[in-house]
Amino acid sequence: MTNAGGRLRPIRIVLFLLVWASCSWFGSWEMNTNNAVRLFATLVMVERGEATIDQFDSATTDKAQFGGHLYLDKAPGMSLMAIPAVAALHALSPARSGDYAIFTSASPFARFIRVRTRLAVATGPALLTAIAAMLLFDLALMLTGSAPAALAAAIGYGLGTPAWAWSTSLLGHAPVAALFIIALWAGVRATRGAETRRWPAFVLGLSLGWAVVIEYPTVIAGTAIALWATWRAWRRADRVTVIGLAALGGIIGLLPLAAYNLFAFGDPFQLGYEGVVGFDGMNRGLFGIGVPDPAVLWNITLGHKRGLLWFAPALLLGLWGLFLMIRARATRDIGIVVAAVVAITLLINAGYYYWDGGNSTGPRHSIPLVGVLALGIAPAWAARGRGIGRYLPAEVILLSIAINACMAATDIYGSPIVSFQLRDVVFVPFLNGHLRTFASDWMNWSPGAGFILWETLALPALIWLALAARRIGSVGPEMTKA
């Protein structure tokens, strides 16, 4: 087992680098109003030490208004995460946002925003998604004892779901998906075996607390994970330590939200959502969330226009694996909490007034579920037969990677009026060469050449990972009974 552990380390490193580089290589449109307003909030904090975004009024339709001033109308987590990147460029470059005339099309101002967005993405969403892929590999390995199965789950999530494409932006959906994986991994690590594991317990609470700072609705699915972890910890002799450290981590994770609200509004409990302008649907129900609509539930899952499973067929394997997890006594509790997170996320999306996300390729509000559901790919892979059907999971995962490579390279802010987004927003623009890559944005390469360079580096890495995992094979079951 020790020898296997040493051979697993290079897999973890290459997996992390592959996912992080893939998320950082492609770039979404920086001036999308939902993305840009988060960076505007970061800019005013770094440049002027304030929260008002009045100067960017003409550049975004997403904003909140209080007392004659405009503010960020989102949860502040992504804006806060972008501070290190923006502050570093602020120190290294004399350029300031006020130096430019504000135009949302191709302009010096748009380039100024693009540089800061790309760096903030590389040090924020891309980093979280890569960490989550690595921890999902670890968690799936504990679940199945199979390195190939664990790799299938990690790659299926990191490159085979829209978490990849949404990790190229400053929207919070992909980071929340990553944080749910981190919390699930930490919950299992903190509550298995006799040894007291303090850091995983703390990370469990920290990740769930920070997820709420990024997207407020995650408090419901996050609570499901917290209750599950508490149930696992309650039977342990060290339950006070484990639960106490998790609670401490949760409080620390939430503190930036109170601090930002106090800084921006003078009240730690006032939310930007309360002042949203131009979106009257936010006044319905609880900040726009009401009773789930079955028709919307169909549209966000299987609907041909923007259903999630069209963009991530690998999640079909996840659903099968979820059934296998719930059926097996040793993994039943994990399967149940994954099912709860998936159901809660979908029901919230189905009950949201702006359920389609506006300009969004696929159902972006459902992205937080893709990471935990991808865990099911591991038991599905491990349970595949020995006939010709044993190759089907690999084929489905490769199809998912191909779809999401095209999506990451083209446009995550797809038109809501097209009839079939996968064709009209992803495949057609891809074939027409409408791509965004690091090489085409900053090195004056053609978009196609930038994509080919990614392929040239990524495909050998994928092949090496598959061969390395196959050589290791089974490492013995590590999952203790729930």
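Side-chain atoms of Arg236 come within 3.5 Å of backbone N or O of Thr191 as a donor-acceptor pair. With hydrogens and angles disregarded, no donor-acceptor distance shorter than 3.5 Å links the side chain of Asn359 to the backbone of Ser415. Between the side chain of Ser366 and the backbone N or O of Leu346, no donor-acceptor pair lies under 3.5 Å. Side-chain N or O atoms of Asp73 include none that pairs as donor or acceptor with a backbone N or O of Gly272 at under 3.5 Å. Within the 3.5 Å criterion, the main-chain N or O of Leu422 finds no donor-acceptor partner in the side chain of Lys305. Side-chain atoms of Arg384 never come within 3.5 Å of backbone atoms of Pro393 as a donor-acceptor pair (strictly under, hydrogens ignored). With Arg364 contributing its side chain and Gly357 its backbone, the two residues share a donor-acceptor pair below 3.5 Å. Asn299 places a side-chain N or O within 3.5 Å of a backbone atom of Ala295 that can act as its donor or acceptor partner.
Taking a cutoff of 4.0 Å between a charged side-chain nitrogen and a carboxylate oxygen, Arg38 and Asp62 do not qualify as a salt bridge. A salt bridge links Arg118 with Glu30; the closest basic N to acidic carboxylate O contact falls under 4.0 Å.
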Take Trp381 and Ser146 through the side-chain hydrogen bond (donor to acceptor under 3.5 Å, both in side chains) test and state the conclusion after the steps.
CA-CA 9 Å; Trp381 181 281; Ser146 166; 5.3 Å; no
What's the verdict on side chain to side chain contact (heavy atoms under 4.5 Å, CB included) for Gln421 and Val426, showing C-alpha distance, side-chain angles and the deciding distance?
CA-CA 7 Å; Gln421 284 195 331; Val426 177; over 6 Å; no
Under the criterion side chain to side chain contact (heavy atoms under 4.5 Å, CB included), I'd like the reasoning laid out for Arg232 against Ile334: C-alpha separation, chi angles, the key distance, then a yes or no.
CA-CA 10 Å; Arg232 285 181 64 102; Ile334 299 174; 4.2 Å; yes
Mind running side chain to side chain contact (heavy atoms under 4.5 Å, CB included) on Tyr157 and Leu373 for me, showing each step along the way?
CA-CA 9 Å; Tyr157 155 68; Leu373 184 53; over 6 Å; no
Residues Thr437, Ser440; criterion side chain to side chain contact (heavy atoms under 4.5 Å, CB included); working and verdict:
CA-CA 5 Å; Thr437 70; Ser440 59; 2.9 Å; yes
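For the atom pair NE2 (His304) and CG (Leu309), the distance works out to 15.0 Å, reported to the nearest 0.5 Å. To the nearest 0.5 Å, atoms CD1 (Ile403) and OG1 (Thr161) are separated by 11.5 Å. Atom CG of residue Leu315 and atom OG of residue Ser400 lie 7.0 Å apart, to the nearest 0.5 angstrom. A distance of 7.5 Å separates NE2 in His365 from CG in Asp356, rounded to the nearest 0.5 Å. Atom CD of residue Glu395 and atom CG of residue Leu399 lie 9.5 Å apart, to the nearest 0.5 angstrom. For the atom pair CD1 (Ile412) and CG (Asn35), the distance works out to 7.5 Å, reported to the nearest 0.5 Å.
Side-chain contact between Ile367 and Leu308 is present, with at least one heavy-atom pair separated by less than 4.5 Å. With contacts defined as side-chain heavy-atom distances shorter than 4.5 Å, the pair Arg436/Ser28 does not qualify. Between Val19 and Trp164 the shortest side-chain heavy-atom distance does not fall below 4.5 Å. Looking only at side-chain heavy atoms (C-beta outward), Leu171 and Met78 stay at 4.5 Å or farther from each other. Proximity of Leu139 to Ile181: side-chain heavy atoms (C-beta onward) are nowhere separated by under 4.5 Å. For the pair Leu369/Phe180, no side-chain contact is recorded, criterion being any heavy-atom separation below 4.5 Å from C-beta on. Contact annotation: the side chain of Pro76 approaches that of Leu257 to within less than 4.5 Å [non-hydrogen atoms, C-beta and beyond]. Contact check for Thr361 versus Arg306: no side-chain heavy atoms found under the 4.5 Å cut-off.
Below 30°, between 30° and 60°, or above 60°: for Trp310 and Phe420 the angle between ring planes is above 60°, a perpendicular geometry. Using bins of under 30°, 30° to 60° and over 60° for the plane-to-plane angle, the ring pair Phe323/Trp320 lands in the parallel bin. Using a 30° and 60° split on the angle between ring planes, Trp454 and Phe451 fall in the tilted class, from 30° to 60°.
When every heavy atom of Ala350 is checked against every heavy atom of Ile300, the shortest pair comes out as N-CD1, 4.2 Å. Of all heavy-atom pairs between Leu128 and Pro175, the closest is CD1-CB, 3.9 Å. Summarising the geometry of Gly77 relative to Trp210, their closest heavy-atom pair is O-CZ2, 3.6 Å, with the distance given to 0.1 Å. Of all the heavy atoms in Leu254 and Gly209, the pair that sits closest is CD2-O, 3.6 Å. For the pair Ala374 and Ala153, the tightest heavy-atom approach, listed with the atom from each and the gap, is O-CB, 3.5 Å. Heavy atoms only, all atoms of each residue included: Leu324 and Ala383 are closest at CD1-CB, 3.7 Å.
More than 12 heavy-atom neighbours from other residues, nucleotides or ligands sit within 6.0 angstrom of CZ on Arg239.
Aromatic ring centroids of Trp199 and Phe202 lie under 6.0 Å apart. Residues Phe438 and Trp25 place their aromatic rings such that the two centres sit under 6.0 Å apart.
With a 6.0 Å cutoff to the six-membered ring centre and a 45° limit on the axis angle, Arg114 counts as a cation-pi contact of Trp442.
Using modelled atom types, one finds a donor on one side chain and an acceptor on the other under 3.5 Å when comparing Trp185 with Asp138. Looking at Trp228 and Asp333, their side chains do bring a donor and an acceptor atom within 3.5 Å of each other.
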